[in-house]
Protein chains: 2
Amino acid sequence: MTGTDPVRPRAPRADALRNRARILEVARAVVEEQGAQASLRDIARRAEVGMGTLYRHFATREELLEALLRRRFDHLAGHAAALEADRPPAEALAEWLRAFTSGTAAYRGLATSMMATIDDESSPLHASCGAMRAAGARLLRRAQDAGAVRPDVDGLDLFALVGAVSWIADQTPTIAARRDHLFALIMDGLAHPAPTG
Amino acid sequence: MTGTDPVRPRAPRADALRNRARILEVARAVVEEQGAQASLRDIARRAEVGMGTLYRHFATREELLEALLRRRFDHLAGHAAALEADRPPAEALAEWLRAFTSGTAAYRGLATSMMATIDDESSPLHASCGAMRAAGARLLRRAQDAGAVRPDVDGLDLFALVGAVSWIADQTPTIAARRDHLFALIMDGLAHPAPTG
DNA sequence: ACCTGAACACCGTTCAAGT
DNA sequence: ACCTGAACACCGTTCAAGT
């Protein structure tokens, strides 16, 4: 027995940790500037690492984007939990959706990656995206119990509608200017009971 | 005077016409299979033309995609006009939106190009996309006059919402399965008057 | 362990050379 | 006029060679 568990891999080297952090930081900035189809070579250059280093830390482009998204999912899940504790049902839901959509604007082009995680159980994001959606679904349920949202809507419906509006609002300035209006049209609509017949 | 107007360019050669048609036909099939990011080399290969020929007819990738979309825009504009003449307001609008969304599924990834034409006046699609939206807007107006849709929605709002749902439904199978439900949620919502308060 | 950068197989786009 | 395919400057990804 040496004090180090032989099963657990030893701690990464200091330079590896530093490089990983640099790459993530640069990737976040570059994606915010150029969108999700930004050049990985460009990211490696600006992070001042070789291409091989980038690939050692993130085995594929998707893995790098996923690392960017995970933070956001975890943040939104936590935010939902806090709102559930602190705010009345309808207000909590509205505030959370606002946070969801406003954040999405900074992740240009990542909406596609986000949607892909829903069905891809092998994705390392599958779990954290699911946790975020579950947290949102709880806010939705509370709002439905309070009669603020029609009952035939579930968490995935809500996620899809809000994701769809976030995406379209990122497409072109004329529509971006209507983001809030489009959002309101949807939420107003969901507040009414389903039509009978 | 020779009988040919010197200003008007002469008719294209027969091989040029044939190649253009082949490229378009192949591009349509390939985009349907692989989406809008399909390889142009692949399209040229399958159309059995050189890369230069593809570029002679479509000076950029965007131009080729636009040629595919234009047909669709023109078709939808005509369809709207026919429905306006033949059907009661609410039914005409619903049927047109159904045609719009169901067709979009075959144009995987082209939604982004479609949205881009709204603000880009230099795009050759700007006009035909605008004409299609105008035709849809007339159906919307009729439905609003009949009291079937809340009045604070315009043609661009409707286009954005329907485009957004079409896009999201193309992203992943789980959501694709809910396409009709999501669509119904939005249209139900638009049927109610704006909330006062 | 980890890093580097050249190498590979692609891509979109251009252009000299052919008919 | 129109077509061809090689050439160019990129890209994502891999891998032998270094420390």
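What's counted below: heavy atoms across the whole structure, side chains too, no hydrogens, waters or symmetry copies. Order of the sequence lines fixes the chain letters, A, B, ..., with proteins taken first and strands second; residue numbering starts at 1 for each chain.
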Exercise. Given the rule in the salt bridge (charged side-chain N to carboxylate O under 4.0 Å, His left out) test, do B/D188 and A/R150 qualify, once you have shown the distances and angles that lead to the verdict?
Worked result: CA-CA 11 Å; B/D188 284 359; A/R150 59 190 273 181; 3.2 Å; yes

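- Every pair passing salt bridge (charged side-chain N to carboxylate O under 4.0 Å, His left out) that includes a residue from residues 45-66 of chain A is listed here, sequence neighbours excluded: A/R22-A/E48, A/E33-A/R46, A/D42-A/R45.
- Boundaries of the chain B contact region on DNA chain D are D/dA1 to D/dA7, first to last in 5' to 3' order (nucleotide atom under 4.0 Å from a heavy atom).
- Every pair tested for ring pair (Phe, Tyr, Trp, His ring centres under 6.0 Å) that includes a residue from residues 132-152 of chain B fails, sequence neighbours excluded, so the list is empty.
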Scan the side chains in residues 73-82 of chain B for donor-acceptor partners under 3.5 Å anywhere in the protein, sequence neighbours excluded, and list what turns up.
none

Show every donor-acceptor pair shorter than 3.5 Å between a side-chain atom in residues 12-20 of chain A and any protein atom, with sequence neighbours excluded, or say none if there are none.
unit_1 : atom_1 : unit_2 : atom_2 : d
A/R13  : NE     : A/D15  : OD1    : 3.1
A/R13  : NH2    : A/D15  : OD2    : 2.9
A/N19  : ND2    : A/D15  : O      : 3.3

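- The 5' end of DNA chain D is approached more closely, in terms of each residue's nearest nucleotide, by B/N19 than by the other of A/R13 and B/N19.
- A ring pair (Phe, Tyr, Trp, His ring centres under 6.0 Å) check over residues 134-173 of chain B, counting only residues at least two apart or in different chains, returns the pairs A/W167-B/W167, B/F100-B/F159.
- Listed by chain and number, the residues in a side-chain hydrogen bond (donor to acceptor under 3.5 Å, both in side chains) with A/E25 amount to none (sequence neighbours excluded).
- Applying the ring pair (Phe, Tyr, Trp, His ring centres under 6.0 Å) test to residues at least two apart or on different chains, none of the pairs has a partner in residues 22-59 of chain A.
- Taking every heavy atom of residues 35-47 of chain B and every atom of DNA chain D, pairs under 4.0 Å involve B/R41, by number.
- In terms of the ring pair (Phe, Tyr, Trp, His ring centres under 6.0 Å) criterion, residue partners of A/H192 (sequence neighbours excluded) are, by chain and number, B/H192.
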Exercise. How does DNA chain C look in dot-bracket form if you count Watson-Crick and G-U pairs under 3.5 Å, write [ ] for pairs that cross, and put | where a base pairs with another strand?
Worked result: ||.|||||...|||||.||

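- Identified under the salt bridge (charged side-chain N to carboxylate O under 4.0 Å, His left out) test for residues 122-137 of chain B, with sequence neighbours left out: none.
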